[in-house]
Chemist: 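Have a look at this one.
These numbers come from a predicted model, not from an experiment. Numbers restart at 1 for each chain; the letters A, B, ... are given by sequence-line order, proteins then strands. Because only heavy atoms are used, hydrogens play no part in the values below, and waters and symmetry mates are left out as well, while side chains stay in.
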Amino acid sequence: MAENQNFARDYNLPELLVAAAARELRDGDVVFVGVGVPLLGALVAKLTHAPNLIMAMESGSVGPMPYRIVLGIGDNACVENAICTTSLWRLFADQQRGYFDVGMVGGAQVDKYGNLNSTAIFGSGDYYHPASRLPGSGGANDIASSARRTVITIPLEKRRFLERVDYITSPGYLNGYDSRKKAGLPGGGPVAIITNKCIFRFDPETREAYLDSVHPGVSVEEVRANVSWDLKVAPEVKVTPPPTEEQLRIIRIIDRAGIYTNNGLKNLTFESYIQLLEGSLEELQQLF
Amino acid sequence: MAENQNFARDYNLPELLVAAAARELRDGDVVFVGVGVPLLGALVAKLTHAPNLIMAMESGSVGPMPYRIVLGIGDNACVENAICTTSLWRLFADQQRGYFDVGMVGGAQVDKYGNLNSTAIFGSGDYYHPASRLPGSGGANDIASSARRTVITIPLEKRRFLERVDYITSPGYLNGYDSRKKAGLPGGGPVAIITNKCIFRFDPETREAYLDSVHPGVSVEEVRANVSWDLKVAPEVKVTPPPTEEQLRIIRIIDRAGIYTNNGLKNLTFESYIQLLEGSLEELQQLF
Amino acid sequence: MEFVNTRKKTDKRMTLKEAIATFVKDGDTIAFGGMGGIQCVAHAYEIIRQGKRNLTLIGDSPCEAGDLLVGAGVLKRMEIAWCSYAVAGLAHNFRRAVEQGIPHPIEVEDYSNFTIGLRFLAGAMNVPFLPTKSLLGSDLPKYNARIKTMDDPYTGETVALVPAARPDVAIVHVSRSDKRGNAQMFGFSSNAENLVRAAKKVIITCEEIVSTDEVRRHPNLTIAPEYTVDAVAEVPFACHPWNMPYYYAYDIPFHIQQLTAFRTREGFERWMDEWCFGVDSWEGYLAKVGWDRLERLRRVERRFTHISC
Amino acid sequence: MEFVNTRKKTDKRMTLKEAIATFVKDGDTIAFGGMGGIQCVAHAYEIIRQGKRNLTLIGDSPCEAGDLLVGAGVLKRMEIAWCSYAVAGLAHNFRRAVEQGIPHPIEVEDYSNFTIGLRFLAGAMNVPFLPTKSLLGSDLPKYNARIKTMDDPYTGETVALVPAARPDVAIVHVSRSDKRGNAQMFGFSSNAENLVRAAKKVIITCEEIVSTDEVRRHPNLTIAPEYTVDAVAEVPFACHPWNMPYYYAYDIPFHIQQLTAFRTREGFERWMDEWCFGVDSWEGYLAKVGWDRLERLRRVERRFTHISC
């Protein structure tokens, strides 16, 4: 594993985020994943330090090893080499049962207790008349309720990092301290918020988010300026490690068209898409 | 179908009961069956007047066409040529949903409202200290609760035909009239009690069982003498039709060793059993 | 719940057009199968083409069907967990309806994916509700009075309750079915097996109709036995541009083009004029997409997932 | 609910003897797979051989396992719907225990097959109870205080509630499994998929261990993914004299001989001396039955049901 610890130099921000997501995962974890950065992170983890990691997708698929980029939680890639294909309610029931070690969730707003909003930005209106209607919970509420730990991904912006979100779609620690447990939620709650500039973790007692590491080149002040509440900061703020060369190599094989890591959808034609699929098959087969 | 109406002369009582059970079933019915006479009846119906009948077994099997005698609701015969194999809870949920037209149930005691006891004969004791402990509900309570109509099979004996059963394992019409509906039970309740001497049906208003037909050679008085309550009798008591020649032919192919119709278990050796299975295969294949 | 004889028919085949004309009525509550892949796209276009009105849609994440029906003004209400095209983009019609009342306002009742799944399971089991640990502590119950909480009478712990969903019609796409409606699925099934049981009328669409003998060779794959089904329509490529496992790959380049159009109301209307009203059936849509393109989506998929039974 | 690392092992293979010695403790609540066929007979003999005591058995119709364990004095309590050998005969040990306290009295809590199934489903879903329309109006709630009724808060209709079952150990027999515990079933599964999820510890036994690659070729057949399983034991003919679909036929002549012996307490004790304590493992039992006999049961079954995948 020594060579895996050689850090890459030439990487972009999405690639760093994928590596950061991968580092949240341990070997043997069962991970309830959504598409994009979390799924890439899970695949990178599986192909590096966590070979026994199992991915679960809410469409009803467990343990796939896809030989192509996954374009949705109901993409055909999710059944490739799966150990079990079943139904949506069963996978969520399994999560409620406590089988899933990690869930990855996102949102448009997050607050200091890790509560997430992916339902509606009220603006000057309210839930019924929102400034911006978002997609809704999807499975996020369920993941946040029942996964043994959750990892949040969201861009760092002042309008997103609020004292209190407009609407709690996915519960974090609610009002902090033991309020989450008192509400009867079985899962453990969030352990990290991965942003484009830094990573937050949670105080074990107050359950408030604090700054744990900044990405290379980002200052603590820059983070503070993008958070609406009086941010707590770790005694020694770390620097988020960049991807290793090995991680980067794998990211670029899996997402060879840069769909998640380099805005690759923009230039995709039908021909280049078919070529992408055909090209992936051989290269990814060798990875697993 | 004309030739099917030729009644057989040389038949035994179990064969008459199978034919009577078959006559309770209609083409297209979905039937929740247990082993023995009900299952033979369902098979005979399917092979004569009800080709689109579907059998469901609580082990989780739907629509089998077995090429051998079925020796239990979890026998391998139940998966043969099934249209769906699934789980126990799902089949019972389907029944609760109202998909099953008919359920066949039995018991050790029955009362005038068609309530059945298959849990315990109290004797001088009670539920906790019964004179005779019976197997229990199994799926009978569920069938009796939710099937759109149920058919009861039980031998006619005074100690079994009671004003009130010791314990209601499987609800019939409870206290008669609309008491079943008031209890919140979704299924329609019993339509017939088939015994070794006669068939009872139920008054549409009071929901009390009355004598509808006697088997050939049985008198109304003989029936009355074996019922503990003041039995109501149809204005014109019919004679239960014997099996047709076609029904009898099929019964004897399906149950060629007389396991259900001629005490055939008694003389079964391992060799004769293997021969029974091998012999059944070809003959039954031709029936379906 | 009443059943009519359509459940007992031995040949339930219809065209999609006939099935929707027969079973979907104005004002009905409807539900579709699929989650990401296996989506009922053909079905949404056909409902729009037939000019159905005032429908209520219940679904976990009925992204394409939801967005199309909202945009076409077909829906008065949605009981859902999510509406978006995921990787391909946002659901612009859904947003326009909620934010600006375009083409007209709609009611939205928010759930999560699991709890919509539980609502179908409750309907399938014919019980009025099911309990869950989801939703607790969140704001979903605050704005949705039909999410209730109760103390468990056994342990005292708090659970949330969601009400059974009993749509008038479910339209569910599967891998294959026989003409009686014994519907089989390869791979994940989302909520299909509960959807068909929760609904009062069920239209099964499938990639291919197979013989009952073929069904009997693989009884473990049957997610909807014939007694749950009212109509069967063979609709190959019913999910385009979405994917169908073991049959054809996701046509995401097509989706991107489509969603670029949907960004404006005018773009959506032009799209519908061309792709929905400009053809008379799903066959017309597919011909317009091009059979060569569809064949390539099928061929590339077979390199990855291949039915081996 | 706590999980220990056994769930995370990549090779969970053990002998049945080791698995039961490791996971079944005196005083535990246990549950077995199967319904008629697919029954856990080997498991019951091994538990008796190891002298486990004071167990509680939860099951729908655990006929053979229930009757053997009662007769051997292993059980203190049963939460069941049924105990009988069906076509082969009655459960004489069960009757003797309830009627005469032989070998000692046992507590019995009566349910129906469906509601035991719902208890496992509730345990599998991690909810404290599930509602049903069964049991209403009958005498089961009268003698079982854990069957409760409530008015549905949505419609006011009455439903019965049954409590979640959370056995300490489930021992479930399946068609095949890989060494990680990805367990697959051909044909009906009774309550297997919920049993494994309801229990705190899970022992999977299987007719054959297969590679994970083989599992991945048929993911629709997996009823228990590896994250639900603690141990895997290959136990061919584990159900004898009962049947295993696609593997071997029911040995009913053997059963009749056995149940004739069970009619008297002395006959049962002699039987156990010979078939349970007279051998040191299930292999010993099978050798005593005779491999030629077992082979004929397998061969005749293959004429009727044959795995075609």
Chemist: Quick check on B:Asp166 against chain D: is it the side chain, the backbone, both or neither that has a heavy atom closer than 4.5 Å?
Modeler: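 Backbone only.
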Chemist: Within the side chain of D:Asp139, is there an N or O that forms a donor-acceptor pair under 3.5 Å with the backbone of B:Thr169?
Modeler: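 No, D:Asp139 side chain to B:Thr169 backbone: no donor-acceptor pair under 3.5 Å.
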Chemist: Parallel, tilted or perpendicular: which fits the ring planes of D:Tyr143 and B:Tyr127, with parallel below 30° and perpendicular above 60°?
Modeler: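 D:Tyr143 vs B:Tyr127 ring planes: parallel.
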Chemist: Which atoms of B:Leu174 are under 4.5 Å from chain D, going by heavy atoms: the side chain, the backbone, both sets, or neither?
Modeler: side chain
Chemist: What part of D:Arg293 gets closer than 4.5 Å to chain B, counting heavy atoms only: side chain, backbone, both or neither?
Modeler: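 The answer is both parts of D:Arg293.
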Chemist: Among residues two or more places apart or on two chains, list those pairs meeting salt bridge (Lys or Arg N to Asp or Glu O under 4.0 Å) that have a residue in residues 78-92 of chain D.
Modeler: D:Arg77-D:Glu79, D:Glu79-D:Arg119, D:Glu79-D:Arg146
Chemist: For B:Arg133, does its backbone N or O pair with a side-chain atom of D:Arg95 as donor and acceptor, under 3.5 Å?
Modeler: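 Answer holds: yes.
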Chemist: To the nearest 0.5 Å, what is the distance between CH2 (D:Trp242) and CG (B:Leu71)?
Modeler: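 D:Trp242 atom CH2 to B:Leu71 atom CG measures 9.5 Å (nearest 0.5 Å).
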Chemist: Report the distance from atom OG of B:Ser59 to atom CZ of D:Phe188, rounding to the nearest 0.5 Å.
Modeler: 4.0 Å
Chemist: Do side-chain atoms of D:Asp110 reach the backbone of B:Thr119 as a donor and acceptor pair under 3.5 angstrom?
Modeler: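 Side chain of D:Asp110 to backbone of B:Thr119, a donor-acceptor pair under 3.5 Å: no, none is there.
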Chemist: Under a 4.5 Å cutoff for heavy-atom pairs, which residue among B:Ser137, B:Gly60, B:Ser170 has the most contacts with chain D?
Modeler: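 Among B:Ser137, B:Gly60, B:Ser170, the one with the most close pairs to chain D is B:Ser137.
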Chemist: Going by atom types alone, do D:Ser112 and B:Asp142 pair a side-chain donor with an acceptor below 3.5 Å?
Modeler: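 Short answer, yes.
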Chemist: How long is the span from the NZ atom in B:Lys266 to the CD1 atom in D:Ile256, to the nearest 0.5 Å?
Modeler: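 Rounded to the nearest 0.5 Å, the NZ-CD1 separation comes out at 11.5 Å.
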Chemist: Can you tell me which portion of D:Thr132 sits under 4.5 Å from chain B's heavy atoms? Options are side chain, backbone, both or neither.
Modeler: both
Chemist: With only heavy atoms counted, which part of D:Leu136 is less than 4.5 Å from chain B, the side chain, the backbone, both or neither?
Modeler: both
Chemist: Counting only heavy atoms not in D:Lys288, do more than 12 sit closer than 6.0 Å to its NZ atom?
Modeler: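 Atom NZ in D:Lys288 is crowded, with more than 12 foreign heavy atoms closer than 6.0 Å.
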Chemist: Enter the distance from B:Asn141:CG to D:Ser134:OG here, rounded to the nearest 0.5 Å.
Modeler: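 B:Asn141 atom CG to D:Ser134 atom OG measures 5.0 Å (nearest 0.5 Å).
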Chemist: Heavy-atom distances under 4.5 Å only: say whether B:Glu282 touches chain D with side chain, backbone, both or neither.
Modeler: neither
Chemist: Would you say that D:Phe304 contacts B:Leu277 through its side chain, given a criterion of any heavy-atom pair below 4.5 Å between the two side chains?
Modeler: yes
Chemist: Using heavy-atom distances under 4.5 Å, tell me whether D:Ala249 contacts chain B through its side chain, its backbone, both, or neither.
Modeler: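 Both parts, backbone and side chain.
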Chemist: Does any heavy atom of chain B fall under 4.5 Å from the side chain of D:Met185, the backbone, both, or neither of them?
Modeler: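 Neither the backbone nor the side chain of D:Met185 comes within 4.5 Å of chain B.
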Chemist: Is D:Leu90 close to chain B through its backbone or its side chain, or both, or neither, when contacts mean heavy atoms under 4.5 Å?
Modeler: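 The side chain, not the backbone.
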Chemist: In Å and rounded to the nearest 0.5 Å, what is the CD to CZ distance from B:Glu278 to D:Arg303?
Modeler: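 Between atom CD of B:Glu278 and atom CZ of D:Arg303 there are 4.0 Å.
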Chemist: Do side-chain atoms of B:Gln96 reach the backbone of D:Lys133 as a donor and acceptor pair under 3.5 angstrom?
Modeler: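 Yes, B:Gln96 side chain to D:Lys133 backbone: donor-acceptor pair under 3.5 Å.
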Chemist: With a 4.5 angstrom heavy-atom cut-off, is it the side chain or the backbone of B:Tyr273 that approaches chain D, or both, or neither?
Modeler: side chain
Chemist: I need the residue from B:Gly184, B:Pro135, B:Gly136 with the largest number of non-hydrogen atom pairs under 4.5 Å to chain D.
Modeler: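 Looking at each option in turn, the highest pair count goes to B:Pro135.
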Chemist: With a 4.5 angstrom heavy-atom cut-off, which part of D:Tyr247 approaches chain B: side chain, backbone, both or neither?
Modeler: neither
Chemist: Side-chain polar contacts of residues 79-92 of chain B - donor-acceptor pairs under 3.5 angstrom, sequence neighbours left out - could you list them?
Modeler:
residue: B:Glu80; atom: OE1; partner: B:Tyr67; partner atom: N; Å: 2.8
residue: B:Glu80; atom: OE2; partner: B:Arg68; partner atom: NE; Å: 2.7
residue: B:Glu80; atom: OE2; partner: B:Arg68; partner atom: NH2; Å: 3.3
residue: B:Asn81; atom: ND2; partner: B:Met65; partner atom: O; Å: 3.0
residue: B:Thr85; atom: OG1; partner: C:Asn220; partner atom: N; Å: 3.4
residue: B:Thr85; atom: OG1; partner: C:Asn220; partner atom: ND2; Å: 3.4
residue: B:Ser87; atom: OG; partner: B:Trp89; partner atom: NE1; Å: 3.2
residue: B:Ser87; atom: OG; partner: D:Glu193; partner atom: OE2; Å: 3.1
residue: B:Trp89; atom: NE1; partner: D:Glu193; partner atom: OE2; Å: 3.3
residue: B:Arg90; atom: NH1; partner: C:Asn194; partner atom: OD1; Å: 2.9
residue: B:Arg90; atom: NH2; partner: C:Asn194; partner atom: OD1; Å: 2.8

Chemist: Between B:Ala140, B:Ala131, B:Ser146, which has the largest tally of heavy atom pairs under 4.5 Å with chain D?
Modeler: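 With the most close heavy-atom pairs to chain D, the winner is B:Ala131.
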Chemist: Can you name the nearest heavy-atom pair linking B:Gly138 to D:Ser61, along with the distance?
Modeler: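 In this case the closest contact between B:Gly138 and D:Ser61 is CA-OG, 4.3 Å.
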Chemist: So which part of B:Ala144 gets closer than 4.5 Å to some heavy atom of chain D, the side chain, the backbone, both or neither?
Modeler: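 Contact with chain D is absent: no heavy atom of B:Ala144 under 4.5 Å.
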Chemist: Using non-hydrogen atoms and a 4.5 Å limit, figure out which bit of D:Val108 sits close to chain B: side chain, backbone, both or neither.
Modeler: both
